[in-house]
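Reminder, nothing fancy here: chain letters follow the sequence lines and each chain counts from 1. Only this structure's heavy atoms are used, side chains among them; waters, hydrogens and symmetry mates stay out.
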2 protein chains.
Amino acid sequence: MDIRHLRYFVTVADHGSITRAAEELGMEQPPLSQQIKQLEQKLGVALFERQTRGVKLTEIGATLLPRARTILDLQAQFLVTAHGLARGELGHIRLGLAGAVPLLPLIPLAIRRFRESAPDVTLSLEESNTPALCAALHDHSTDLAIIRPPVPDPTRLSVFHLLDEPTVIALPRGHRLAHQPVISLDMVAKDPLIIFPRELGPGFHDAILSAYQLAGVTPPLGQQAPQIAGTVPLVAAGLGVSVVPRSLSQIHAGGVTFHTLSEPAPRATLAVAIRSSQNMPLVSRFVKILRTACRKWENMSLEDQFPAADV
Amino acid sequence: MDIRHLRYFVTVADHGSITRAAEELGMEQPPLSQQIKQLEQKLGVALFERQTRGVKLTEIGATLLPRARTILDLQAQFLVTAHGLARGELGHIRLGLAGAVPLLPLIPLAIRRFRESAPDVTLSLEESNTPALCAALHDHSTDLAIIRPPVPDPTRLSVFHLLDEPTVIALPRGHRLAHQPVISLDMVAKDPLIIFPRELGPGFHDAILSAYQLAGVTPPLGQQAPQIAGTVPLVAAGLGVSVVPRSLSQIHAGGVTFHTLSEPAPRATLAVAIRSSQNMPLVSRFVKILRTACRKWENMSLEDQFPAADV
DNA sequence: ATTATCCATATCCTATAAATATGGTACATG
DNA sequence: CATGTACCATATTTATAGGATATGGATAAT
């Protein structure tokens with residue numbers, strides 16, 4: 001049996017006439033008669049009762065008709081879904097975000113733009129750390145991840161650079177340098193450095209420590225923060241100072257002040273990673289939107305990068 | 001697109017290899033490769049990622065796979081259902097019963113036998129009156145009806161005789177003839193006759209009245225009963241006497257006694273009616289079972305006709 | 001380096017769906 | 001009552017498409 005047979009069956013049933021159904025189907029009457037006959041033979045049942053004027057469904061035919069319709073509907077849905085997937089207009093994307101990434105206004109913006117371009121795509125977000133996100137990509141529990149390079153195991157992953165974000169230094173309220181707009185690392189060499197565990201973001205972690213090293217100082221290590229953005233409250237509590245991506249300066253917890261770092265200053269790099277085998281148009285489109293958004297963003301003024309409403 | 005394509009798609013996905021899928025499908029590898037390729041072109045998406053050793057589902061392919069499976073399942077169900085309907089092994093039958101018919105042990109027995117022969121057939125019962133049942137047959141709200149002939153409009157209906165049941169006369173407790181085993185109609189000529197409205201069963205109604213006429217008497221008409229079996233409680237209330245099918249003697253309400261009628265006695269005829277256009281094997285089978293059961297039943301002794309447990 | 005495995009391409013063949021032509025039947029109409 | 005019309009069925013031919021066979025190419029295993 002064939003889907004064509006079902007379509008013929010339904011069309012003939014709807015028109016009550018083989019001749020008219022043939023018109024609708026864009027074919028002649030004799031082949032349609034034969035196809036119906038063949039279907040009946042294959043099924044072993046009479047679907048129609050031949051009358052002098054047209055044909056009429058038998059009871060069995062009437063029983064079978066709705067089932068044939070659902071199969072045809074499903075098949076049509078199948079085609080629509082496939083075409084939609086082909087054009088990246090529907091489906092589901094699971095997006096992983098490295099620590100503190102959502103604080104960068106750029107990212108929510110890109111997500112919003114993507115959802116406008118593909119309204120039928122459902123999106124799930126998950127915030128985690130870079131190594132975990134890479135593992136999630138590998139085991140297919142995430143489709144796309146914005147991470148802080150480098151990735152531990154780049155095999156089977158494609159990584160696209162997004163942007164290098166400047167870092168700032170966070171000082172507690174009342175710190176002796178709280179009034180200095182620009183600070184160099186050697187000026188805080190004696191302040192305990194609040195930093196996140198290296199496992200949560202080896203790239204950024206190492207960037208911070210090597211910047212200290214370049215500055216020729218070795219800070220005492222303060223308490224470990226549970227995540228990248230988690231350093232700010234600890235600074236606020238007076239446990240030390242911290243070097244964070246500039247986007248974190250949006251957090252105004254407990255009078256913490258953020259100060260531009262003079263060179264040598266680490267940079268917080270962001271990249272987007274996907275599986276190399278990934279060829280869903282949805283994902284490619286998301287990556288494209290992200291990259292163009294980043295290019296625009298890098299040419300913006302500081303005020304535009306962090307709109308007043310957010311700062 | 002064709003169901004065959006879907007079957008190929010699913011089989012290749014299950015085996016992870018075109019070659020092995022081709023074996024399973026009983027065909028060679030090259031045509032299967034081509035069909036998969038065609039399907040991908042038609043859908044506009046890559047379903048598989050060709051690898052050096054076998055093929056692997058793409059993300060889109062994995063999304064589409066379960067949908068393809070459901071379509072295949074539905075199609076298989078469709079075939080099974082059609083074949084089942086062809087053999088009369090499944091489906092649904094709506095059976096209409098005229099008044100007081102279920103009291104005849106024969107009918108439940110036939111129903112039970114039918115359900116044994118076709119366990120997957122669902123059966124719905126409805127008790128009504130003969131004209132209403134015929135109307136229900138015409139408008140397809142019932143498939144089969146056991147009625148009391150004649151039917152008002154026999155066009156497009158086929159009626160098969162089932163049996164002629166003797167009638168008995170029902171007397172209230174303490175009636176002057178309560179001890180007489182055999183009674184003739186002229187003996188109760190002065191007792192009010194409890195009878196159902198003619199609309200509920202014209203055939204039986206007329207049979208009763210013409211029997212009285214043949215006996216040369218015209219009884220006073222008592223209260224009308226709401227249905228055929230509804231006469232018995234009215235007799236029990238002392239409102240008169242009633243002529244009922246013998247199967248009603250199973251009702252022992254309020255000391256009513258039932259007495260054989262000497263000639264001229266009406267007969268309560270039962271028949272089964274179906275639409276003439278009806279050609280469902282299920283229905284034909286039911287009719288057949290009914291008729292053979294009736295033939296057997298007519299040759300039974302009274303004790304067998306009304307088993308002790310029921311009488 | 002060689003073999004084996006597996007997918008892709010090319011060509012041929014067969015099966016089947018569709019078109020054309022025609023016949024038969026019941027209902028409508030003059 | 002005869003004719004015409006509408007509709008389905010049958011027969012024959014044609015074209016298309018799926019399948020088989022043969023072969024080539026790429027990659028991993030020995």
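Put simply, CZ on A:Arg4 is 15 Å from P on D:dT16, counting in whole angstrom units. Distance, B:Arg53 CZ to D:dT30 C1': 12 Å, rounded to whole Å. Going from atom NZ of B:Lys56 over to atom P of C:dC7 covers 15 Å, rounded to whole Å. Protein atom OH of B:Tyr8 is 17 Å distant from nucleotide atom C1' of C:dC7, rounded to whole Å. The nearest whole Å value for the distance from the CZ atom in B:Arg7 to the P atom in D:dG18 is 15 Å.
With C:dC7, D:dA11, D:dG19 as the candidates, the nucleotide lying closest to the side chain of A:Pro30 is D:dA11. Checking C:dC7, D:dC8, C:dA19 against the side-chain heavy atoms of B:Ser17 singles out C:dC7 as nearest. Comparing D:dA20, C:dA8, D:dC8 by their nearest atom to the side chain of B:Ser33 picks out C:dA8. Side-chain proximity of A:Arg50 to C:dA19, C:dT9, D:dC8: nearest is D:dC8. Nearest nucleotide to the A:Ile18 side chain, out of D:dA9, C:dA17, C:dC7: D:dA9. When the nucleotides D:dG19, C:dA18, D:dC7 are ranked by their closest atom to the side chain of A:Thr19, D:dC7 comes out on top.
Dashed line: the shortest gap from a side-chain N or O of A:Thr52 to OP1 or OP2 of C:dT25 is not under 4.0 Å. Listed pair B:Lys37 / C:dT9 meets the phosphate criterion, a side-chain N or O lying under 4.0 Å from OP1 or OP2.
In this structure, A:Arg67 forms no cation-pi arrangement with B:Phe78, as its terminal cationic atom is not both closer than 6.0 Å to the ring centre and no more than 45° off the ring axis.
Residue A:Gln29 places a side-chain atom within donor-acceptor reach of the base of D:dA9, judged by atom type and a 3.5 Å distance cut-off alone.
Taken over five-pair windows at either terminus, the axes of the helix from C:dA1-D:dT30 to C:dG30-D:dC1 are inclined to one another by 20° (rounded to 10 degrees).
Using a 4.0 Å heavy-atom criterion, one finds that A:Phe48 contacts no nucleic acid atom at all. Here A:Gln38 lies in heavy-atom contact (under 4.0 Å) with sugar-phosphate atoms only. Within 4.0 Å of B:Gln35, counting heavy atoms only, lie sugar-phosphate atoms of the nucleic acid but no base atom.
Here B:Glu40 pairs with B:Arg50 in a salt bridge; the nearest charged N to carboxylate O distance falls below 4.0 Å.
Between B:Gly16 and A:Glu28, the residue anchored nearer the 5' end of DNA chain C, judged by the nucleotide with its closest heavy atom, is B:Gly16.
Two residues are said to be in side-chain contact when any heavy atoms from C-beta on lie closer than 4.5 Å; A:Asp206 and A:Arg198 meet this criterion.
B:His5 and B:Gln38 form no side-chain donor-acceptor contact under 3.5 Å, judged by distance and modelled atom types alone. Side-chain atoms of B:Ser124 and B:His92 include a donor-acceptor pair closer than 3.5 Å. For the residue pair A:Thr19 / A:Glu23, no side-chain donor-acceptor distance below 3.5 Å is found, with atom types taken as modelled.
Using cut-offs of 30° and 60° on the angle between ring planes, the pair B:Phe48 and B:Phe9 is perpendicular.
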